[in-house]
Q: 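Can you read through this structure? Questions will come right after.
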Amino acid sequence: MMPPTELDTFLTAQRTCRLATVGPDGSPHVSPLWFAWDGEALWLYSLVHSLRWTALQGEARVAAVVDDGREYGELRGAELSGRAVRVGEAPRRGDPCPELDAVEQLFAAKYFGLGAMPHDGRHAWVRLRPDRIVSWDFRKLPGPQGQ
């Protein structure tokens, strides 16, 4: 496992997660997605005309995996699971929403190199405050595979 400060640094630096949702018929769906981590929650900016968004409107239980590494001894990551909650208007057009101010600044800087979020009227925010986080870091394994 990664200690909390290491996990926080890892989640802040990574760019893509894979979000698992459950459709209305019970079928799973996994999709890559950009995100922002604020130290407490994973903020996901999803297209509102997507299978992922449709699934989130019904069953809000989700799991997200953020991982890194190519070789076995380099693998590290985290799985965050819990309930996804929509925040702000959908689609997001930039109406004032104080709860989104900080996360939109994080996201805009991380992905667009901007100080303010460019709203496109096609995406909306989902917050995942994880009930459970499981992490791993194979770089810490003893022996040749970890070092």
Side-chain angles (χ1 to χ4, degrees), residues 1-140:
M1 283 185 66
M2 290 185 224
T5 54
E6 190 177 317
L7 180 64
D8 190 57
T9 299
F10 174 77
L11 291 172
T12 300
Q14 297 303 309
R15 294 181 57 87
T16 306
C17 72
R18 285 178 292 284
L19 185 70
T21 57
V22 178
D25 65 353
S27 59
H29 179 255
V30 179
S31 57
L33 193 60
W34 282 353
F35 69 93
W37 172 253
D38 69 1
E40 295 180 8
L42 202 65
W43 290 87
L44 310 160
Y45 199 52
S46 176
L47 284 166
V48 297
H49 296 292
S50 65
L51 184 56
R52 170 184 51 245
W53 185 260
T54 301
L56 288 170
Q57 302 318 298
E59 176 54 65
R61 289 179 301 160
V62 299
V65 171
V66 180
D67 61 345
D68 189 35
R70 293 179 56 90
E71 303 298 325
Y72 182 82
E74 300 170 346
L75 299 178
R76 62 188 177 136
E79 177 188 16
L80 301 89
S81 57
R83 292 202 176 272
V85 176
R86 189 174 84 190
V87 179
E89 83 266 30
R92 181 87 172 117
R93 291 189 171 85
D95 290 349
C97 183
E99 190 174 4
L100 292 175
D101 288 347
V103 73
E104 287 189 335
Q105 283 185 327
L106 284 171
F107 197 88
K110 182 176 182 177
Y111 295 103
F112 307 120
L114 301 173
M117 187 71 181
H119 301 104
D120 63 8
R122 300 181 316 144
H123 290 80
W125 286 104
V126 175
R127 180 188 64 226
L128 167 59
R129 255 196 203 111
D131 297 329
R132 181 173 170 247
I133 299 176
V134 177
S135 66
W136 59 92
D137 189 345
F138 288 11
R139 299 172 310 163
K140 296 176 183 177

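Along the sequence shown, the residues carry numbers beginning at 1.
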Q: Tell me whether R61 at atom CZ has more than 12 heavy atoms from other residues, nucleotides or ligands lying less than 6.0 Å away.
A: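 Counting other residues, nucleotides and ligands, CZ of R61 stays at 12 neighbours or fewer.
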Q: Please report the shortest heavy-atom distance between S46 and L33, naming the atom on each side.
A: CA-CD1, 4.2 Å
Q: Find out whether V103 and D38 are in side-chain contact, i.e. whether some heavy atom of one side chain is under 4.5 Å from a heavy atom of the other.
A: no
Q: I want to check something: taking the side chain as every heavy atom from C-beta on, are L80 and C17 in contact at a cut-off of under 4.5 Å?
A: no
Q: Do the side chain of E99 and the main chain of V87 share a donor and acceptor less than 3.5 angstrom apart?
A: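 No.
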Q: State the CZ-CG distance between R139 and L75, to the nearest 0.5 angstrom.
A: 10.5 Å
Q: Does K110 offer a backbone N or O that forms a donor-acceptor pair with the side chain of R15 under 3.5 Å?
A: yes
Q: Return the NE2 to NE2 distance between H49 and H123, rounded to the nearest 0.5 Å.
A: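 NE2 of H123 is found 11.0 Å from NE2 of H49.
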Q: Please list all pairs meeting side-chain hydrogen bond (donor to acceptor under 3.5 Å, both in side chains) that have one or both residues in residues 23-36, counting only residues at least two apart or in different chains.
A: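 Output for this query lists D25-S27, S31-R52.
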Q: Within this structure, what is the CE-OG1 distance for the pair M2 and T9, rounded to the nearest 0.5 Å?
A: 10.0 Å
Q: Would you mind reporting whether Q14 and D68 have side-chain heavy atoms less than 4.5 Å apart?
A: yes
Q: Does E104 use its side chain to pair, donor to acceptor, with the backbone of A116 at less than 3.5 Å?
A: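 No, E104 side chain to A116 backbone: no donor-acceptor pair under 3.5 Å.
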Q: To the nearest 0.5 angstrom, please state how far the CH2 atom of W136 sits from the CD atom of E79.
A: 6.5 Å
Q: Is any side-chain heavy atom of E6 closer than 4.5 Å to one of S135?
A: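 No, side chains not in contact.
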Q: For the residue pair Y111 and M117, establish whether any side-chain heavy-atom pair is separated by less than 4.5 Å.
A: no
Q: Does any non-hydrogen side-chain atom of W37 lie less than 4.5 Å from one of L106?
A: no
Q: Quick check: do D137 and F10 have side-chain heavy atoms less than 4.5 Å from each other?
A: no
Q: About how many Å separate CZ of R92 and CG of D120, when rounded to the nearest 0.5 Å?
A: 11.5 Å
Q: Go through it in stages, so that I can follow the logic: the residues are W125 and Y45, the test is ring-ring contact (aromatic ring centres under 6.0 Å, His included), and I'd like the CA-CA distance, side-chain angles, deciding distance and then a yes or no.
A: CA-CA 5 Å; W125 286 104; Y45 199 52; 4.5 Å; yes
Q: Of the non-hydrogen atoms in L128 and P130, which two are nearest, and what is the gap between them?
A: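 Scanning both residues completely, I find the closest heavy atoms to be O-CD, 3.2 Å.
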